[in-house]
Amino acid sequence: MTTPIILDCDPGHDDVFAIWLAAAHPQIDLRAITTVGGNGLLEHTTFNARVACTVAGVSGIPIAAGAAHPLAGPLHPADWIHGPNALGGPVLPEPTVPLDDRTAQQLMRDVIDAADEAVTIVATGPLTNVALLLRDAPETVARISRIVWMGGSTSRGNVTPYAEFNAWADPEAIAIVLASGVPFTMVGLNITHQALITAEVRERISATGTRTGAFGRELLEFFCSTYEKAEGMPDGPLHDPITIAMLADPAVATTVLTRLDVELSGTETRGATSVDLLERLDRPHNATVALDLDVPRFWALIEDAVRALA
Ligand code: BDR
Ligand code: CA
C-alpha cells in the first residue's frame, strides 16, 4: 500500500531532497507539489520546485504556487542559509516542468476530492498554505489522513533562541493547523540535527553517478558552507526529507504522542513550540513528535532515491 501525499514546500536545499525522496520512493505516491514563500520569495521557491523536478526527470506531478507571505506580517526569507534565490550553489537550468495555473489551495482541494482514500499532507516550510486550506475548506479536514510537518523543536530554535525558522515564519498558521484536529506530526530541529551532511554523505550522493546526484552534491556543498558561516556547523542538517522518510519507512524514527502548543505573543519567544515531553501540563495530547533518527537508515533512503532518479 502506497501513501498518497501532497508535498507543500519552500525549496530550499533540503526541500529539494524531500521532493526527490517523495518522487523516487516506491511507498510514496506523490500527487502534487505546492509552494509557499519561506526560504525565499514565492517566485523563487516555485521556480526551484520546478527545477528540482526538471533535474531529477520527475514529470507529471502538478506544481502550484500558494501564499507569498505568512498570515500575519511580512516574509523574511532565510537568505543567510539558502542564498538570495533560495537555491544557491549550482547553476539552475530553465525548468521544463510546467506551473499549474491553479492556486496551491485549489490544487490541494482537487487532489483531496479526487482521491479514493484520505491524503497525507507533508509540509516542509511555513504552514501558511495548509492553514489557509483548513480555514477556507473545512470540509477537507475529514479527508486528510495526517499532516507531517518539518518545523519547531522540542528544545531551542535556529532563528531566535526559542523559535525554529518554519515556526517563526508563521506561528498563526501552526495554531490553525493544531486547532483543526487533523492528526499532526512535528519533525523538529531536535531530530533534524541528527541528519548531519558529513563529507562522507556528500561523497555518497555524487558517487551515485546520476545527474541528480551531481546537482545534489552542489546543493549540499553550498548548504554546508552557509551552515558553517551562520551556525558554526560544517556538516549542516538535512531537515526536510525526514518527513518523507518517516512515511516511507516508519522505523527510521522514534516518536512520542504528546502535547504541542505554539507561542504567538511572547516578547522573546514568538514562534517557539512548547512540547510537553515531561507531561507537566494537564492537557490532552494533540501531536506526534519525532525524537530519534536511525541515521544510517535515513541516508540509505536518500542515496537510493538519488540513484533512482535521472
Ligand atoms: C527549516 O527552515 C528551512 O531553512 C529549511 O528548508 C527547513 O524547512 C529548518 O529550520
Ligand atoms: Ca523547507
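Computed from a predicted structure; not experimentally measured. Ligands are counted one by one from 1 in listed order, and the atoms in each one are counted from 1 as well.
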Looking at atom 3 (C) of ligand 1, what's its closest protein heavy atom, distance included? Asn39 OD1, 3.0 Å
Are there more than 12 heavy atoms of other residues, nucleotides or ligands under 6.0 Å from atom OH of Tyr227? yes
Between Asn39 and Asp15: side-chain donor-acceptor atoms closer than 3.5 Å: yes
Parallel, tilted or perpendicular: which fits the ring planes of Phe223 and His82, with parallel below 30° and perpendicular above 60°? tilted
Residue-level breakdown please: for Thr192 versus ligand 1, do any non-hydrogen atoms fall below 4.0 Å on the side chain, on the backbone, on both, or on neither? neither
Could you tell me whether His82 approaches ligand 1 through its side chain, its backbone, both or neither, with non-hydrogen atoms closer than 4.0 Å? side chain
Ligand 1 atoms in contact with Thr124 (distance to a heavy atom under 4.0 Å): 8 (O)
Is there side-chain contact between Ile191 and His239, with heavy atoms separated by less than 4.5 Å? no
Distance criterion under 3.0 Å: protein N/O/S atoms around the Ca ion (ligand 2): 5
If you scan protein heavy atoms around atom 5 (C) of ligand 1, the nearest is Asp14 OD2, 3.2 Å
Shortest protein heavy-atom distance from atom 8 (O) of ligand 1, along with the residue and atom involved: Asp240 OD1, 2.6 Å
SB check Arg259 Glu279 (cutoff 4.0 Å): no
Can you report which non-hydrogen protein atom sits closest to atom 10 (O) of ligand 1, along with the distance? Glu164 OE2, 2.5 Å
Heavy atoms of other groups near Asp136 CG, more than 12 under 6.0 Å: yes
Do Ile33 and Cys53 have side-chain heavy atoms sitting under 4.5 Å apart? yes
min-distance protein heavy atom vs atom 2 (O) of ligand 1 -> Phe165 CD2, 3.5 Å
Are side-chain N/O atoms of Thr120 and Thr3 paired as donor and acceptor at under 3.5 Å? no
Numbered in order shown, the ligand 1 atoms found under 4.0 Å of a heavy atom of Asn158 are 9 (C), 10 (O)
Has His69 got more than 12 heavy atoms of other residues, nucleotides or ligands less than 6.0 Å from its NE2? no
Provide the number and element of each atom of ligand 1 under 4.0 Å from a heavy atom of Met150. 1 (C), 7 (C), 8 (O), 9 (C)
Parallel, tilted or perpendicular, as decided by the 30° and 60° cut-offs, for the rings of Trp168 and Phe165: tilted
Heavy-atom contacts under 4.0 Å between Asp15 and ligand 1: side chain, backbone, both, or neither? side chain
Whether Glu117 and Arg143 form a salt bridge (side-chain N of Lys/Arg under 4.0 Å from carboxylate O of Asp/Glu) is what I want to check. no
